[in-house]
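What you are looking at is a predicted structure, and each value in this text was computed from that prediction instead of being measured. One-based numbering, in listed order, for ligands and for the atoms of each.
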Amino acid sequence: MLTRTVFFLLFWLRVILNTQAEAACGNTGIWLQVLGSGGPEVEDKRASSSYLIWVDGRARIMIDAGGGAALRFGQSGAAFSDLLAIFFTHLHVDHSADLPVLIKSAFFENRSRDLLILGPKGNFLMPSVSGFVSAMFDPDRGAYRYLGNHLPGAPGNDWKIISKDLDVQPDPEKNCLQGPSFENSIFTSAIPVHHGPVPAIAWRIDIDGKSITFSGDMSNQWETLEKLAKDTDILVAHNAIPEGMTGVARRLHMPPSEIGRIAQTAHVKTLVLSHRMLRTLGNEEETIKYVKKAYHGPIRFANDLDCFRP
Ligand SMILES: [Zn+2]
């Protein structure tokens with residue numbers, strides 16, 4: 001009797017643990033999954049910025065890869081071998097630090113296709129995304145040179161990282177940049193955004209008439225995002241500062257009232273607020289109040305592993 005009871009308990013424990021390990025959004029349709037809803041502080045107890053786009057049960061595009069993203073990637077049930085591309089909004093630590101973790105993890109998977117990595121050009125403060133990839137994986141000088149087999153030109157038939165830099169100069173016409181398309185169904189576009197002196201890009205993914213737009217970190221000084229996000233189904237906007245913040249934080253980030261104005265101007269269907277930090281966590285009611293001064297659509301606050309359907 002005791003053996004049967006123990007067996008019964010172990011069976012259900014396994015079911016529960018397996019359920020927790022499979023947090024994928026669903027096997028059909030398009031989904032946005034938040035891998036990291038936090039900012040650069042570890043005290044926020046969230047993974048840093050990172051998102052996945054799922055199409056019919058496969059994770060196809062990743063936006064940013066901040067610290068903790070790799071763990072959440074595993075928890076989401078995603079397979080790195082399914083991933084077509086990683087797009088970086090910019091290269092601050094809280095958006096990029098887990099890239100080598102993911103690249104190494106792929107060694108234990110059956111990946112064969114090359115991985116496209118796109119991000120902004122560099123400047124005096126930050127490397128370009130291709131410079132960032134070289135700084136980590138260059139077979140001679142990279143910090144993780146032992147993974148250098150994944151750079152183009154390296155010997156062997158291993159899959160390669162193809163990195164490309166996008167222009168980040170503000171364009172007076174605020175024209176969107178066309179990004180790559182995949183499998184005749186996934187279309188991407190981007191626009192430079194102002195994030196203080198840091199080269200930064202907002203991304204938009206369009207699939208089967210649905211779209212998800214990612215602000216990344218930005219102050220909105222250039223007022224470019226509203227063009228990229230026009231009529232988008234989901235705008236993921238970074239709620240890094242509360243209303244009324246000044247100084248460096250305001251020069252880098254947008255307050256809730258600005259997010260609301262962008263969402264309203266662009267006719268965003270659903271607004272998802274992410275990149276939540278200690279200075280905005282717990283402030284949700286006030287944040288909503290300021291967003292709603294301009295925007296009257298649905299507002300959601302992101303948590304790690306949340307799924308949103310566009
Ligand atoms: Zn950030």
Student: As a test of reading the structure, name the N/O/S atom of Asp217 that is nearest the Zn ion (ligand 1).
Tutor: OD2
Student: Measuring from Ile161:CD1 to Ile117:CD1, what's the distance to the nearest 0.5 Å?
Tutor: 4.5 Å
Student: Would you name the N/O/S atom of His275 that lies closest to the Zn ion (ligand 1)?
Tutor: NE2
Student: What N, O or S atom of Asp94 is found closest to the Zn ion (ligand 1)?
Tutor: OD2
Student: For the side chain of Glu284 and the backbone of Gly282, is there at least one donor-acceptor N/O pair under 3.5 Å apart?
Tutor: yes
Student: Show the nearest heavy-atom pair for residues Leu102 and Met62, with the distance to one decimal.
Tutor: CD1-CE, 3.5 Å
Student: Given 3.5 Å as the limit, does a donor-acceptor pair link the side chain of Arg204 with the main chain of Leu228, or not?
Tutor: yes
Student: Taking N, O or S atoms only and a limit of 2.8 Å, check whether His92 reaches the Zn ion (ligand 1).
Tutor: no
